[in-house]
Amino acid sequence: MKTAANARPETDEGPFYRGAIRWLAGLEDGAILRVAFFGLLIGTASVLYVDFRELTASESAGLAQPGHPILPPSNPALPQGPMPNVTTAPEVLDQPLEIALGNGGQLRLTGTIDPGAGERFAAEIAARGEYVQTVLLDSPGGSVVDALAIGDLIHEKGLATEVAAGSLCASSCPIIFASGAERIASPDAAIGVHQIYASAMSGDPLRAAGVAMADAQSITADILAHLTKSGVDPAMWLHALQTPPDQLYYFSAEELTALKIVTNLAQN
């Protein structure tokens with residue numbers, strides 16, 4: 001019988017511990033490496049899943065708050081243009097994208113680019129596209145996939161794009177703006193970019209983190225190809241890659257011209 005003085009803790013030589021040692025001893029070296037690899041893979045996946053849930057939870061919580069993420073603060077790590085004065089009401093920008101035909105051949109896109117906005121835009125162009133000359137933008141961004149679809153159609157139809165003074169074109173919205181055959185912006189317009197993230201890519205915040213990472217790389221390549229096709233310097237997207245999703249990089253008037261984001265910097 002073991003005394004209190006010479007007894008060892010159950011964690012050292014308990015039944016589970018001794019059974020595990022015998023099981024590991026019976027494995028070949030290759031099998032041990034496979035067990036270790038899959039254990040590491042499962043642990044990594046668990047951490048990514050938890051991080052991803054926290055990210056999407058914070059996004060969902062933020063979207064419920066007025067003014068977020070409508071006009072994030074500027075990225076303090078990068079020199080950039082001043083944060084412009086946006087005059088459109090946050091509650092208007094927070095609504096799903098409204099597509100409305102106005103006077104003078106203007107098609108107004110106002111609000112958040114929600115999943116399905118690309119299809120609604122295509123339907124509007126199919127129905128009344130002969131009247132449209134300019135797409136007027138006022139949006140905090142949203143679904144990148146839909147922004148690319150809208151941008152592709154604008155490029156195909158040779159339409160102009162415009163961001164007026166006091167209007168916002170942020171996140172994925174500059175992809176649409178960059179698609180115009182003529183790109184008109186006021187020096188007092190707010191045009192900015194930041195990193196894309198899971199729910200912005202597809203509108204689905206429940207995608208697995210690993211798939212979302214692969215999607216981000218693929219969509220970034222699509223964005224760069226789209227900017228190049230449109231005649232915009234793809235270096236503009238470097239500022240997006242350097243800016244966290246909860247901040248914005250605001251382009252100065254000089255950058256808008258130098259990077260060919262605008263073809264006409266309208267004077268007020």
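Taking the side chain as every heavy atom from C-beta outward, Ile175 and Trp237 approach each other to under 4.5 Å. Under the 4.5 Å side-chain criterion, counting only non-hydrogen atoms from C-beta, Ile184 is not in contact with Val262. Leu109 places a side-chain heavy atom less than 4.5 Å from the side chain of Ile150. Under the 4.5 Å side-chain criterion, counting only non-hydrogen atoms from C-beta, Glu98 is not in contact with Arg108. Using a 4.5 Å heavy-atom cutoff, the side chains of Val92 and Asp94 are not in contact. Using a 4.5 Å cut-off on side-chain heavy atoms (C-beta onward), Glu182 and Glu162 make no contact. Contact of the Gln106 side chain with the Leu101 side chain is not registered, since no non-hydrogen atoms from C-beta on lie closer than 4.5 Å. Between Ile113 and Ile176, the closest side-chain pair of non-hydrogen atoms falls below 4.5 Å.
Contact between Val163 and Ala189 at its shortest, heavy atoms only, is CG1-CB, 3.5 Å. Closest approach of Pro245 to Gln195, counting heavy atoms only: CD-OE1, 3.5 Å. The heavy-atom pair separating Ser230 from Ala178 by the smallest distance is CB-O, 3.1 Å. When every heavy atom of Ser171 is checked against every heavy atom of Val193, the shortest pair comes out as O-CG1, 4.0 Å. Heavy atoms only, all atoms of each residue included: Pro115 and Ser143 are closest at N-CB, 4.3 Å. In terms of heavy atoms, Leu248 sits closest to Ala170 at CD1-CB, 3.6 Å.
Hydrophobic cluster membership is shared by Leu259 and Leu227, with clusters built from Ile, Leu, Val, Met, Phe, Trp and Tyr side chains linked at under 4.5 angstrom. Hydrophobic clustering (side-chain heavy atoms under 4.5 Å, transitive across Ile, Leu, Val, Met, Phe, Trp, Tyr) groups Ile261 together with Leu148.
Residue-environment remark: NZ (Lys157) stays at or below the threshold of 12 foreign heavy atoms within 6.0 Å.
At distances below 3.5 Å, at least one donor-acceptor pair connects side-chain atoms of Thr228 with backbone N or O atoms of Leu224. A distance-only check finds a donor-acceptor pair linking the side chain of Asp114 to the backbone of Leu97 [under 3.5 Å]. Without hydrogens or angle criteria, Arg183 side chain to Lys260 main chain gives a donor-acceptor distance under 3.5 Å. Between the side chain of His194 and the main chain of Gln247, a donor-acceptor pair closer than 3.5 Å is present. The closest donor-acceptor contact from the side chain of Ser172 to the backbone of Gly142 lies under 3.5 Å. Gln95 places no side-chain N or O within 3.5 Å of a backbone atom of Gly111 that could act as its donor or acceptor partner. Between the Thr112 side chain and the Leu93 main chain, a donor and an acceptor come within less than 3.5 Å of each other. Using modelled atom types, one side-chain atom of Thr161 and one backbone atom of Phe177 make a donor-acceptor pair closer than 3.5 Å.
Between atom CG of residue Leu159 and atom OG of residue Ser179 there is a gap of 10.0 Å, rounded to the nearest 0.5 Å. Expressed to the nearest 0.5 Å, how far OG of Ser139 lies from CG of Leu168 amounts to 7.0 Å. Atoms CD1 and CE, on Ile191 and Met236 in that order, are 8.5 Å from each other to the nearest 0.5 Å. Rounded to the nearest 0.5 Å, atoms CD1 (Ile154) and CD1 (Ile125) are 7.5 Å apart. Distance CG/Leu107 to OG1/Thr134: 10.0 Å, rounded to 0.5 Å. The distance from atom CG of Leu153 to atom CZ of Phe121, rounded to the nearest 0.5 Å, is 5.5 Å.
A disulfide bond (SG atoms under 2.5 Å apart) check over residues 100-141, counting only residues at least two apart or in different chains, returns nothing. Every pair passing disulfide bond (SG atoms under 2.5 Å apart) that includes a residue from residues 150-184 is listed here, sequence neighbours excluded: Cys169-Cys173.
No hydrogens or angles considered: nothing links the side chains of Asp138 and Thr110 as a donor-acceptor pair under 3.5 Å. Of the N and O atoms on the side chains of Tyr249 and Glu255, at least one donor lies less than 3.5 Å from an acceptor on the other residue.
By the side chain to side chain donor-acceptor pair (under 3.5 Å) test, His239 is found to be paired with no residue, residues two or more places apart in sequence or in another chain being considered.
Using a cutoff of 4.0 Å between basic side-chain nitrogens and carboxylate oxygens, Arg120 and Asp146 are not scored as salt-bridged.
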